[in-house]
S.K.: 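One structure is given below, represented as structure tokens, and several questions about it will come after.
Since the model is a prediction, treat every value here as computed from it, not as a measurement.
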Amino acid sequence: MSSITRRTALAAGASLLAPAWAQTASPTPAKPLVIKFSHVVAPETPKGKGALRFKELMEIRSGGRVKVEVYPNSTLFKDKDEIAALRRGEVQLLAPSLSKLRPLGVKEFEVFDLPFLFKNRNAFSDTARSYGRTLFTKLEPTGVRGLAFWDNGFLLMSANRRLRDVDDFKGLKMRIQSSAVAEAEMRALGAEPRVMNFSELFTGLQAGSVDGTEGTASNFLTQRLPEVQKHLTLSNHGYLAYALLVNRAFHDGLPADLRAVFDSAIADATQYANAIANTENAWALGKIKTSARVALYAPLAAELDEWRRALMGVHQDVATRVGPAALQAAYQAAGFVPPR
């Protein structure tokens, strides 16, 4: 056997003994970039649906180069933990309520929680586009970047007794998220505020550790609160909205082409989430009305005036923390005129 023939035979034998992956020399596909999006509400809410729309758009537009993992209902992080996790890079995207931005040191966001500040959705949108965008720039040094405001809707009050007059709140333990404004609000109404994770609200109401809460119709329905609350007051006393936040180092580190895809998916998901918020809450309220488990009450104008007078002290409390200039900027953007 010639040396050439022998080398050919040895090569053939070696190829038969080689593992399958070595015989088909093809480049190993790159693993997709994973983006974790954590939030605390149900997938069926406006925020939940907005997160899923972002996932769909991002994965399609990136051609499979990105995988988005959405974690609803506090399955990854709870209310009190998610901001710190975002700063550490353990999650890339969050949409916390504006009340939760206090740990980032931008106290001016408190103005968005002020009772009766927004007379309608447009007043909120105007304030978010102007004053809210200014506040986003103050988040940058914390390692967090504000991308957009996601709408939900007006807050309602629930309890196991009808909440009509201010006196009706006396003695009630009311669940709130961590918010200095919400705490002052409940105390001004005569109730005892209790900070509680959103994921623990149903069991807290069921066990009686809290007597009531405030929230939007969509959150009220998807958290099964009609099973543990008898009365819902259509007070529209505050507005619930979210700040869509990204870890700044992650956002800055995206390749230019993927960052363009990311930003476009964020913009379109934002438009979608804000477009459906009003419809979703109206649908949820309709479902609550037909459930026959909860008695709905629409306060009279005179009753809401009593609430406003009781709660105006909260506006002054906020002014002492964020400064009169910040309060006046919010008033101007929202078109709010304090009652006399």
Side-chain angles (χ1 to χ4, degrees), residues 19-22 24-98 100-101 103-104 106 132-133 136-151 198-199 241-276:
W21 59 264
T24 55
S26 59
T28 304
K31 290 184 178 179
L33 174 69
V34 175
I35 297 176
K36 295 181 180 180
F37 190 156
S38 174
H39 64 81
V40 303
V41 298
E44 299 84 9
T45 59
K47 177 163 65 173
K49 290 184 176 182
L52 293 175
R53 176 57 64 94
F54 169 75
K55 169 182 170 66
E56 177 187 23
L57 294 175
M58 190 71 211
E59 292 180 348
I60 291 173
R61 293 178 183 177
S62 70
R65 292 170 60 195
V66 175
K67 178 184 178 184
V68 179
E69 298 176 353
V70 178
Y71 297 89
N73 281 324
S74 305
T75 51
L76 191 61
F77 295 104
K78 294 187 177 182
D79 291 6
K80 64 181 181 179
D81 304 318
E82 58 180 10
I83 294 287
L86 181 69
R87 296 180 72 181
R88 293 193 301 266
E90 295 173 9
V91 60
Q92 287 72 48
L93 273 173
L94 295 179
S97 61
L98 300 179
K100 297 175 190 170
L101 301 187
L104 294 172
V106 185
R133 284 287 177 182
F136 270 170
T137 63
K138 296 187 176 187
L139 295 177
E140 292 280 322
T142 70
V144 169
R145 176 164 293 148
L147 299 173
F149 289 92
W150 280 16
D151 207 352
F198 190 64
S199 58
Y242 311 107
L244 188 59
L245 306 177
V246 65
N247 177 281
R248 194 186 74 185
F250 165 79
H251 194 223
D252 287 343
L254 286 172
D257 60 333
L258 275 187
R259 180 162 173 173
V261 170
F262 177 92
D263 291 345
S264 73
I266 288 290
D268 290 346
T270 296
Q271 185 177 15
Y272 168 79
N274 289 343
I276 67 171

S.K.: Without swapping roles, check the side chain of Gln92 against the backbone of Lys36 for a donor-acceptor pair under 3.5 Å.
M.R.: yes

S.K.: What is the minimum heavy-atom distance between Leu94 and Ser38, and which atoms define it?
M.R.: CD2-O, 3.5 Å

S.K.: Looking at Asp79 and Ser199, would you say the former's side chain and the latter's main chain have a donor-acceptor pair under 3.5 Å?
M.R.: no

S.K.: How long is the span from the CG atom in Leu244 to the CZ atom in Phe37, to the nearest 0.5 Å?
M.R.: 5.0 Å

S.K.: Check the pair Arg53 / Asp268 against side chain to side chain contact (heavy atoms under 4.5 Å, CB included), numbers first and verdict last.
M.R.: CA-CA 8 Å; Arg53 176 57 64 94; Asp268 290 346; over 6 Å; no

S.K.: Pro96 and Lys100: which non-hydrogen atoms are nearest, and at how many Å?
M.R.: CB-CD, 3.9 Å

S.K.: Would you find a donor on one side and an acceptor on the other, under 3.5 Å apart, between the side chain of Glu82 and the backbone of His39?
M.R.: no

S.K.: Of all heavy-atom pairs between Val40 and Lys78, which one has the smallest distance, and what is that distance?
M.R.: CG1-C, 4.4 Å

S.K.: As an exercise, state the distance from CG of Leu104 to CZ of Arg87, rounded to the nearest 0.5 Å.
M.R.: 5.5 Å

S.K.: Of all heavy-atom pairs between Pro32 and Gly64, which one has the smallest distance, and what is that distance?
M.R.: CB-O, 3.7 Å

S.K.: Look at the aromatic rings of Phe262 and Phe250 and report parallel, tilted or perpendicular, splitting at 30° and 60°.
M.R.: perpendicular

S.K.: Between atom CZ of Phe77 and atom CD1 of Ile83, what is the distance when rounded to the nearest 0.5 Å?
M.R.: 11.5 Å

S.K.: To check you understand the geometry: which heavy-atom pair defines the closest contact between Trp150 and Thr270, and what is its length?
M.R.: NE1-OG1, 2.8 Å

S.K.: How far apart are the closest heavy atoms of Arg61 and Ser264, and which atoms are they?
M.R.: NH1-OG, 3.2 Å

S.K.: Is there side-chain contact between Pro46 and Lys49, with heavy atoms separated by less than 4.5 Å?
M.R.: no

S.K.: Can you check whether Glu90 reaches Leu76 side chain to side chain, under 4.5 Å on heavy atoms?
M.R.: no

S.K.: Look up atom NZ in Lys138 and atom CG in Leu101, then write down how far apart they are to the nearest 0.5 Å.
M.R.: 13.0 Å

S.K.: The test is side chain to side chain contact (heavy atoms under 4.5 Å, CB included); show your working for Asp263 and Arg259 and say whether it passes.
M.R.: CA-CA 6 Å; Asp263 291 345; Arg259 180 162 173 173; 3.7 Å; yes

S.K.: How many angstroms lie between CG in Leu33 and NZ in Lys67, if you round to the nearest 0.5 Å?
M.R.: 12.0 Å

S.K.: Sub-3.5 Å donor-acceptor pair from the side chain of Lys55 to the main-chain atoms of Val70, do we have one?
M.R.: no

S.K.: Is there a donor-acceptor pair under 3.5 Å between the side chain of Arg248 and the backbone N or O of Glu140?
M.R.: yes

S.K.: Could you check Thr142, Leu139, Leu147 and say which one makes a side chain to side chain contact (heavy atoms under 4.5 Å, CB included) with Leu245?
M.R.: Leu139

S.K.: Would a distance-only check, ignoring hydrogens and angles, find a side-chain to backbone donor-acceptor pair under 3.5 Å from Asn247 to Leu86?
M.R.: yes

S.K.: Given the rule in the side chain to side chain contact (heavy atoms under 4.5 Å, CB included) test, do Ile266 and His251 qualify, once you have shown the distances and angles that lead to the verdict?
M.R.: CA-CA 12 Å; Ile266 288 290; His251 194 223; over 6 Å; no

S.K.: Is there a side chain to side chain contact (heavy atoms under 4.5 Å, CB included) between Phe54 and Leu93? Walk through the geometry before answering.
M.R.: CA-CA 11 Å; Phe54 169 75; Leu93 273 173; 3.4 Å; yes

